[in-house]
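Since the structure comes first, as structure tokens, the remarks are kept for the end.
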Amino acid sequence: MNHQSRKVLRKLGVSMLALVVVPIVLLAQQVTITPNYKEADIRQIVEAVSAVTDRNFIIDPRVNAKVTMLSKTPMTPDAFYEAFLAILEVHQLAAMQSGDIIKIIPNATARQYGSPMGTDRSAGDDDIVTQVIQVNNVGAAQLVPILRPLIPQFGHLAAHPGSNMLIISDRAGNVARMVSIIRRIDLSSDDDIEVIPLQHASSAEVVRVLTALTQQPRADGAPVSTSLVADARTNSVLVGGDKSDRLRLRTLITHLDTPLEDGGDTQVRYLRYADAEELATKLQQHFQSQATAQAAAGGAAAPTQNSEVSVWADTQTNAIVVNAPPKMMRSLMQIVDKLDIRRAQVLVEAIIVEVLAEKTAELGITWAVEGAASTTPIGATNFPSFGNGVVQLAGAAAGGGETPVDPGSLIGEGITMGIGRISNTGVSFAAILRALEGDADTNIISTPSLVTTDNEEASLNVGQEVPFLTGSFSSTGGNVGAVNPFQTIQREQIGVKLTITPQINEGNSLLLKINQEISSIAQSVEGATDLITNQRIVETTVIVDDGQVLVLGGLLEDVLRESEQRVPILGSIPVLGALFRAQTTDKVKTNLLVFIRPKILRDAATISTETNAKYNIIKDILDKTNEDGINLMPKEEAFTLPPFEEADRRELPTAPEASDGSQ
């Protein structure tokens, strides 16, 4: 340190302590210092500042702080004073200037002392100043809760509603920042109302959509400042609010006000799976019922958009023509999209198993004895349920008539053996032995199958029409003009009938309404005047999973009928009692079960798989027949089926035409 520097230090009268080092260098007649403090008392810092800046300070007794300040570059006295004010701010102290005196006081009491008005009169950013701000476009009271968090605890922020002013007391730097924020908020409102006419869209519909979009609460909690009103008479939208909000809404309205891609209020929709005529009727009824309900709710003169909907069908192209407002058009097309879909199909296979075993046995003897002197029989046996016996044969032989009786018609089924002696002079007798045993077995297995669409009834009938005699008339008079004899016949279908209505439920389960009927012609029964039919009917509604076999019902029946006719007492005699009795036994055992298995055909691959299986069954039968050489027309080429893969790509072959005999 040179002599001039020592002279300056002596003039300042600053005592150099071990913890305080203030190097001072004269550079071009300018004093600079590089202050470095470590745990120095605040009063020592005030003394150094006072010595360097020639300012007078009064220190409040409550001021007490230890200061640490490190610097590497020299600074001027003014810069040193700014650093001193920053030290005071860090330690919650303030420097209040009153004339030539600067008071060092705590921050808590700083706003009670006089401070410069405005930031222009402050010596630095850390000076305590008071600013009065005139607010022009926004309520001053509304800004207080917004700005209060930006003011330190010792600062002051208040609003004067009468003059719409804000009063801020804080350090100059923060006051300047607050003024800048207030000026940004306090802008003149550019709210205005715009009228936007629409060319294609409905104003009411556009307002409904935009209102749902813009009236949602904002994330910042600010109130919604836009408003939308529809004018149905001019089909316009009135938009009010801030300029930027109106610009955004105008862009959205322009985007919505575009013509429909398919051409206005009329569209032609070609259907792929649904029936156009049926669907058009249902849609028209739906919107008419809605229009009626809306009119009843809003009064007789209330206009409804549903009443403007018109739907008609073009059966030749299977299309519907729709005329409706845009809103109704979209709703209607959404309904069509849901209904015009490819429905799944259902393959129902029924298995009908019937095993019938019937056994019959008849054994009996009838006899008659007649004396020589009289035609009155001495004794005879006759059993009505046994059929024609000796008495019936003798009556037929003794009776006359123009029409001869065929004795064969009087002899029953089975074996009939007779023995006897007819004499005019002695005793005549006759005996007939009749025996019959029958054994009938019936084994019927039917597997009808049927494919139908979901929720569509389908039926399959396989059988014959059998004639039944219902009445007859014969003329017995001698008049030439009498009515000609005739018979009335009614034909009934005998065979297998299957009627189903499948409904595919959620998942792979099906609700099936089934009507299954199996009928056949039974064997003739003695005493029946016409044909006898066997009939089995199953009517039920079941729920079954896809591919699951379910038994619908059945009959397990075992019937035994035994009949014995005898002469009292005599018929109970061992061995000889057989001459005085007749026995008939009939045993019938019936086993009938009906099974069903549905399969859901959702796509072309599943349909092709099932068809391939059925197709190959027929192909294998034809191939086996041709291999066995069974051909009733040797000169004709045997009819064969190609593999399913080839038949699926072209038409099935037809039966070969008759050839001219050439090879």
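Along the sequence shown, residues carry numbers from 1.
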Quick one: side chains of residues 315-323, donor-acceptor pairs under 3.5 Å with protein atoms, not counting sequence neighbours, listed by atom name and distance.
unit_1, atom_1, unit_2, atom_2, d
T317, OG1, D314, OD2, 2.5
N318, OD1, A276, N, 2.9
N318, ND2, L271, O, 3.4
N318, ND2, A274, O, 3.1
N323, ND2, T266, OG1, 2.6

Show the nearest heavy-atom pair for residues D603 and R342, with the distance to one decimal. C-NH2, 4.3 Å

Residue list, salt bridge (charged side-chain N to carboxylate O under 4.0 Å, His left out) with D337, at least two apart or on another chain: R269

With sequence neighbours excluded, residues passing salt bridge (charged side-chain N to carboxylate O under 4.0 Å, His left out) with E194: R246, R250

Under 3.5 Å, side chain of N612 to main-chain N/O of S608, donor-acceptor pair present? no

Could you check whether any side-chain N or O of D340 sits under 3.5 Å from a backbone N or O of Y273, counting only pairs where one atom can act as donor and the other as acceptor? yes

Could you give the side-chain donor-acceptor pairs of residues 586-601 under 3.5 Å, partners two or more places apart or in another chain?
unit_1, atom_1, unit_2, atom_2, d
R597, NE, E349, OE1, 3.2
R597, NH2, E349, OE1, 2.8
K599, NZ, E610, OE2, 3.4

Mark yes when over 12 heavy atoms from residues, nucleotides or ligands other than Q548 sit less than 6.0 Å from its CD; otherwise mark no. yes

side-chain contact (heavy atoms from CB on, under 4.5 Å) involving A458 - partner list, sequence neighbours excluded: L450, T452

Can you name the side-chain contact (heavy atoms from CB on, under 4.5 Å) partners of I617, sequence neighbours left out? I621

Kindly give the heavy-atom pair with the smallest separation between I504 and D454, and that separation in Å. N-OD1, 3.0 Å

Check salt bridge (charged side-chain N to carboxylate O under 4.0 Å, His left out) between R343 and all other residues, then give those that pass, not counting sequence neighbours. E456

Once rounded to the nearest 0.5 Å, what's the spacing between atom OG1 of T501 and atom CG of L510? 12.5 Å

Contact between L512 and I500 at the side-chain level, heavy atoms closer than 4.5 Å - yes or no? no

Counterpart residues, side-chain contact (heavy atoms from CB on, under 4.5 Å), relative to R491 (two or more places apart): E465, P467

Looking at every heavy atom in both S449 and L460, which two are closest together, and how far apart are they? O-CD2, 3.5 Å

I need the L213 CG to R208 CZ distance, nearest 0.5 Å. 12.0 Å

Can you name the salt bridge (charged side-chain N to carboxylate O under 4.0 Å, His left out) partners of E517, sequence neighbours left out? none

Among pairs that include at least one residue of residues 280-296, which meet salt bridge (charged side-chain N to carboxylate O under 4.0 Å, His left out), considering only residues two or more places apart or in two chains? E278-K282

side-chain contact (heavy atoms from CB on, under 4.5 Å) with T541: which residues, sequence neighbours excluded? L511, K513

Contact check, side chains of L147 and I182, non-hydrogen atoms, under 4.5 Å: yes

Hits for side chain to side chain donor-acceptor pair (under 3.5 Å) against S236, two or more places apart or cross-chain, chain-then-number order -> T234

So, for D545 and S509, which heavy atoms are closest and what is the spacing to 0.1 Å? OD1-CB, 3.6 Å

Minimum heavy-atom distance between L198 and S203, given as atom pair plus value: CD1-CA, 3.4 Å

